There are 2 protein chains.
Amino acid sequence: MSDLLERLRGRGWRMTAQRRVVAEVLAGDHVHLTADEVHARAVAKLPEISRATVYNTLGELVSLGEVLEVSTDKRAKRYDPNAHRPHHHLVCAQCGAIRDVHPTGNPMSDLPDSERFGFTVSDVEVTYRGICPNCAKA
Amino acid sequence: MSDLLERLRGRGWRMTAQRRVVAEVLAGDHVHLTADEVHARAVAKLPEISRATVYNTLGELVSLGEVLEVSTDKRAKRYDPNAHRPHHHLVCAQCGAIRDVHPTGNPMSDLPDSERFGFTVSDVEVTYRGICPNCAKA
DNA sequence: GCTTGACTTGGACAATGTCCAGCATGGGGC
DNA sequence: GCCCCATGCTGGACATTGTCCAAGTCAAGC
Ligand SMILES: [Mn+2]
Ligand SMILES: [Mn+2]
Ligand SMILES: [Zn+2]
Ligand SMILES: [Zn+2]
């Protein structure tokens with residue numbers, strides 16, 4: 001993640017304790033936290049950080065293309081630091097667990113012109129749903 | 001849509017003015033209204049209908065499998081009366097317009113076992129994004 | 001027509017997210 | 001190293017979307 005901090009500094013981002021903490025919280029694989037989850041973990045490291053700052057920082061990271069917004073459920077948006085390797089998501093319908101997945105094939109080529117209604121289609125997002133091993137056991 | 005009302009009556013649904021109006025509002029193709037949009041249109045036909053009833057009725061229609069919930073944007077859930085023909089969605093990134101689409105191929109078979117993490121995968125949802133002809137003109 | 005249980009209502013409450021005025025501070029210029 | 005001020009942060013008010021409940025209303029079976 002210091003990669004990330006370096007890249008951001010290079011882009012003229014002013015480095016503050018708050019932004020550093022948010023970036024730290026977002027490190028790792030299969031990480032898809034809500035804004036309030038990010039805030040809770042940030043508070044553990046920097047007690048006085050505000051909700052507004054977390055929202056602002058996440059929004060900036062999204063604008064910079066360093067973090068993706070995903071809405072797998074109908075609840076809060078989730079923030080995904082895995083922005084540099086295209087992927088899709090596999091979501092547990094019961095507990096909400098999310099894994100990054102890399103399907104074969106290109107769903108883009110599965111949409112014939114006759115089904116494009118004149119749109120310029122630029123992106124496709126695939127969400128698989130099912131039951132995770134943990135929930136299946138219970 | 002009287003099909004729908006018949007089916008519901010057959011299932012023991014008590015028929016009320018409110019429910020009839022909600023069902024009427026949901027008629028048609030490529031219809032993907034938010035709950036508050038449904039409420040606004042329902043109020044035009046039945047001024048005293050409450051928000052709570054619209055939410056309740058939509059929730060029941062979803063439980064009965066007559067209407068689908070879709071969350072194409074990160075805002076409000078949308079309600080889709082096209083529940084009896086499986087389909088995916090094409091969304092305008094600018095104005096939010098939504099079309100039903102029927103891609104060829106089966107994305108389910110594009111997810112190898114090694115990418116399933118032990119999940120029992122039961123469903124896949126594909127969202128295409130782009131710019132609609134209207135927004136492209138502007 | 002009654003009766004009754006299911007339905008509706010309005011408003012309180014919760015969760016998520018946005019906005020703003022005023023204070024704090026990172027970091028470039030000296 | 002120190003100052004300055006544009007940029008960032010804060011707490012709280014406000015907005016949007018959705019849930020819940022007690023009390024009143026009504027559809028439909030008798
Ligand atoms: Mn991801
Ligand atoms: Mn649809
Ligand atoms: Zn699970
Ligand atoms: Zn458009």
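In what follows, every chain begins at residue 1, and chains take the letters A, B, ... in the order their sequences are listed. Here the structure is a predicted model, which means the values were calculated and not measured.
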- Just how far, in rounded Å, is C1' of C:dA24 from CD1 of A:I49? 15 Å

- Task: Report the distance from atom CH2 of A:W13 to atom C1' of C:dG27, rounded to the nearest whole Å.
- Result: 16 Å

- Could you give the CZ-to-C1' distance, from A:R19 to C:dG27, as a whole number of Å? 13 Å

- Integer-rounded Å distance: D:dC26 C1' and B:N56 CG: 16 Å

- Task: Taking only Lys NZ, Arg NE, NH1 and NH2, and the carboxylate oxygens of Asp or Glu, determine whether A:E66 and A:R7 approach each other closer than 4.0 Å.
- Result: yes

- Note on the structure: Sorted by position of nearest nucleotide on DNA chain D, 5' first, the leading residue of B:A17 and A:L46 is A:L46

- Item | Any donor-acceptor N or O pair under 3.5 Å, side chains B:D80, B:H89 | yes

- Once you round it to whole Å, what is the distance between P of D:dA28 and CZ of B:R9? 7 Å

- Considering only side-chain heavy atoms of A:A52, which listed nucleotide, C:dG11, D:dT10, C:dT8, is closest? D:dT10

- Of the listed nucleotides D:dA28, D:dT19, C:dG17, the one nearest the side chain of B:M15: D:dA28

- Item | Nucleotide nearest A:D36 (side chain, heavy atoms from C-beta), chosen from C:dG17, C:dG10, C:dT16 | C:dT16

- Note on the structure: Of all heavy-atom pairs linking A:L26 and A:P81, the shortest is O-CG, 2.9 Å

- Task: For A:K77 and for B:T16, locate the closest nucleotide of DNA chain C by heavy-atom distance; then report the residue assigned to the nucleotide nearer the 5' terminus.
- Result: B:T16

- Is there a donor-acceptor contact under 3.5 Å from the side chain of A:R99 to the main chain of B:F117? no

- Message: Tell me whether the rings of A:H87 and A:H102 are parallel (<30°), tilted (30 to 60°) or perpendicular (>60°).
- Response: tilted

- Query: Over how many whole Å does the gap from A:L8 atom CG to D:dT7 atom P extend?
  - Reply: 17 Å

- Query: Does the base of D:dG11 carry an N or O that pairs as donor and acceptor with the side chain of A:R51 under 3.5 Å?
  - Reply: no

- Task: Side chain of A:S50 only, please: which of C:dT9, D:dG18, D:dT10 is the nearest?
- Result: D:dT10

- Whole angstrom value for the distance that separates C1' of C:dT16 from CG of A:L58: 13 Å

- Task: Tell me whether the OP1 or OP2 atom of D:dG18 has a side-chain N or O from B:Y55 closer than 4.0 Å.
- Result: yes

- Picking from D:dT10, C:dT8, C:dG26, the nucleotide nearest the side-chain atoms of A:Q18 would be D:dT10

- Message: Between the base of C:dG26 and the side chain of A:R14, is one N or O donor paired with an acceptor at under 3.5 angstrom?
- Response: yes

- Taking atom P of C:dT18 as reference, at what distance in whole Å does atom CZ of B:R75 sit? 9 Å

